[in-house]
There are 2 protein chains.
Amino acid sequence: MSIDEVVDRADRGRVTLQVIAGKLDVSTATVSLALRDSPVVAEATKARVQALARELGYIYNRSAASLRTARTNMIAVGFHDITNPYFAEMLVAVEETAAEAGRTILLGTYAESLERQERVLGTLKEYRPDGMILCPAGGATAESLNHLTAARIPVVQISREIDGVGLDFVGSDDEMGADLAIGHLVDLGHTRIAMIGGNDAISTGRARHRGYRAALQRRGLPFDPALVYMDYGSRQTGLAGIQAVLDLPDPPTAAFCFNDLTAFGALLGLRHRMREAGVDFSIVGCDDVQEAAQWYPALTTVRNHHAEMGRRAAELLIERIENPDLPPRRVLIAPELIVRASTVKR
Amino acid sequence: MSIDEVVDRADRGRVTLQVIAGKLDVSTATVSLALRDSPVVAEATKARVQALARELGYIYNRSAASLRTARTNMIAVGFHDITNPYFAEMLVAVEETAAEAGRTILLGTYAESLERQERVLGTLKEYRPDGMILCPAGGATAESLNHLTAARIPVVQISREIDGVGLDFVGSDDEMGADLAIGHLVDLGHTRIAMIGGNDAISTGRARHRGYRAALQRRGLPFDPALVYMDYGSRQTGLAGIQAVLDLPDPPTAAFCFNDLTAFGALLGLRHRMREAGVDFSIVGCDDVQEAAQWYPALTTVRNHHAEMGRRAAELLIERIENPDLPPRRVLIAPELIVRASTVKR
DNA sequence: GTGAAAGCGCTAACAG
DNA sequence: CTGTTAGCGCTTTCAC
């Protein structure tokens, strides 16, 4: 073969197993095996094949392989929002774990739109990922995931859980987390404790609110609905929520926030009222995103080990891909209270 | 066909064009056309095909289609770090723009590791994405992307630029951004202005430092190397950097930070020294991530329109996919100074 | 240790 | 308007 031919081939990006086989006068089967370093091929042959492949700039075509093997080595990830550092950090953990296991991430996002989620998941599944990791939009129902189970696609839910789908789940023990937070505040002498952010549309919202009420009750404290400000867990919610409860005739002295983002907003809202967390008010967040330690005051929060959640979800999924008949598993990671500077004795 | 057969097919996830064609006694070609709503197929036939496809739970197999068409409708995105909100927000814009154009994102990350970048890009290209959007790790060279250009894969670089690769680029005009920042500080009466964060390994680092020097010079201010604290643009860098320059015999009264993350760290570092931005010191960030407006004090920063960068990058890539022979384009988005509360008259 | 051949599920000519 | 045919690039028996 001439150099020109080689360049020509490489140029047109059309180097296939056939081309290599042709030039070396071996079969495509041998080339295929050789490139995958099969022990069945003679060392000398392998070396020749691999050398030529490199020289020609051969690129393995996974679409073709997938068609044949019914395996894509792709893991589809459907997240509602990767702008929230909690999910961004979780996604990185998923991606890194997947990459270590030779898998690549196919990503879809849908904010909190059920309709976009529908479309995105539909598209993702056409790529035939070996499995999916999902954090559904608020209000998603078991029926909305039926098409995935019907197609027998291995799915693990992360962080948010939909009741009654028999799918794997990796999340945090949110009732315990709320209890940790409330316990800490009560220990500091607080008796009027607000809960800001979170709503009934998502499982974490329900669980953290449930945990909040149970924790109060467990400690003999009354539940006052006026102290509960429910909304999507954003900075804006925290900003508005803290001010709303501060305006109450009998305002709280502390607040447990649905997540760190809400807590950051609350920290700010406090300043707008010339108050300061850690001085004359206490704020506890939930999640422990990187930013939490960096705030001023540094945020006391419930660490949910979200990177570990990401890693575990990827591991669970890979196990399920390899063994689809496993019974559904539910792994709850125990949260941990991280006391920093935003909480103070009453 | 019996219901049992249907259920059986659906169960085994093996509904293909052939199956539908067989049941309807038409050819696979017709089914293929009908499912894509081709005008060439009779309405009645289309309706029958589409109805049966839905009934059987047919899932389009993009691997198979890709093999045939040499188009995957995937866009590979290689980012070094999506934990930085700047890049997370950019990624969302890329993903949404791609989704609107019927493309899905294949994601790879590599932190700042050139070796991981190498591996990740190599894997991504085996999936035969129609194109790639890259933000390379620090220190990446033109050679390290040669394999992509050799394979004639359309690539657009985003945010960070590698000299001498003839690839499309979408980024911000960083010298202008630095000039905006320094101009603002000089207008406020500052003459000793530090620059914190950023390094020579990445194009934005070089450009912002170049802009910083040029801006000083343009205003007749001396350049003092002691005021420059170079490092990767992280919160930690800001925290350490601000304290380092504050320790100088002749400390600055203001600082321009490489990015918002660094600025957040600097804001904190100031507090560790009982100083406060917007009161007795001025800090200007760069990027304007969502968090910037939420800080206390709210951060004065150079808005780089990173969401628009993401959108433009996706658009440029799609244009190039459709027209590979376009000459390389370089789009620089003009930054904008956003004055908030972290800067104050000297 | 290597080759021949079939086929994964789809699309694109081309014929009729 | 619909069918026939070939083939995308790979993997996998099964022979030899």
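Order of the sequence lines sets the chain letters (A, B, ...), proteins ahead of strands, with each chain counted from 1.
- In this structure, the CZ atom of B/R71 is 24 Å from the P atom of C/dG9, given to the nearest Å.
- Residue contacts for B/V40: at a heavy-atom cut-off of 4.0 Å it reaches a base atom on one of the strands shown.
- We find that A/R329 and A/E319 are joined by a salt bridge, their nearest charged nitrogen and carboxylate oxygen being less than 4.0 Å apart.
- A salt bridge links A/R160 with A/E112: at least one charged nitrogen is closer than 4.0 Å to a carboxylate oxygen.
- For the pair A/S203 (side chain) and A/E161 (backbone), a donor-acceptor distance under 3.5 Å is present.
- One axis for each end of the helix from C/dG1-D/dC16 to C/dG16-D/dC1, each built from five base pairs, and the angle between them comes to 30° at 10° resolution.
- Counting any heavy atom pair closer than 4.0 Å across all strands shown, B/T45 reaches sugar-phosphate atoms only and no base atom.
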Criterion salt bridge (charged side-chain N to carboxylate O under 4.0 Å, His left out) on A/E96 and B/R116, from CA distance to verdict
CA-CA 10 Å; A/E96 291 184 353; B/R116 267 179 68 191; 3.4 Å; yes
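- Remark: A/R330 is not positioned above the aromatic ring of A/F169, lacking an NZ or CZ atom under 6.0 angstrom from the ring centre and at most 45 degrees off the axis.
- The interatomic distance linking A/D25 (CG) with C/dG3 (P) rounds to 8 Å, in whole Å.
- Here the P atom of nucleotide D/dC1 and the CG atom of B/L24 are 17 Å apart, to the nearest Å.
- Distance, B/D37 CG to C/dT11 P: 14 Å, rounded to whole Å.
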Each nucleotide of nucleotides 6-16 of chain D classed B (base within 4.0 Å of a protein heavy atom), S (only sugar-phosphate) or -, in 5' to 3' order, makes BBBBBBB----
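- A side-chain N or O of A/S27 and one of A/T30 form a donor-acceptor pair less than 3.5 Å apart.
- Side chain to side chain, A/E89 and B/T83 fail the donor-acceptor criterion of an N or O pair below 3.5 Å.
- Between B/N73 and B/D130, the closest side-chain pair of non-hydrogen atoms falls below 4.5 Å.
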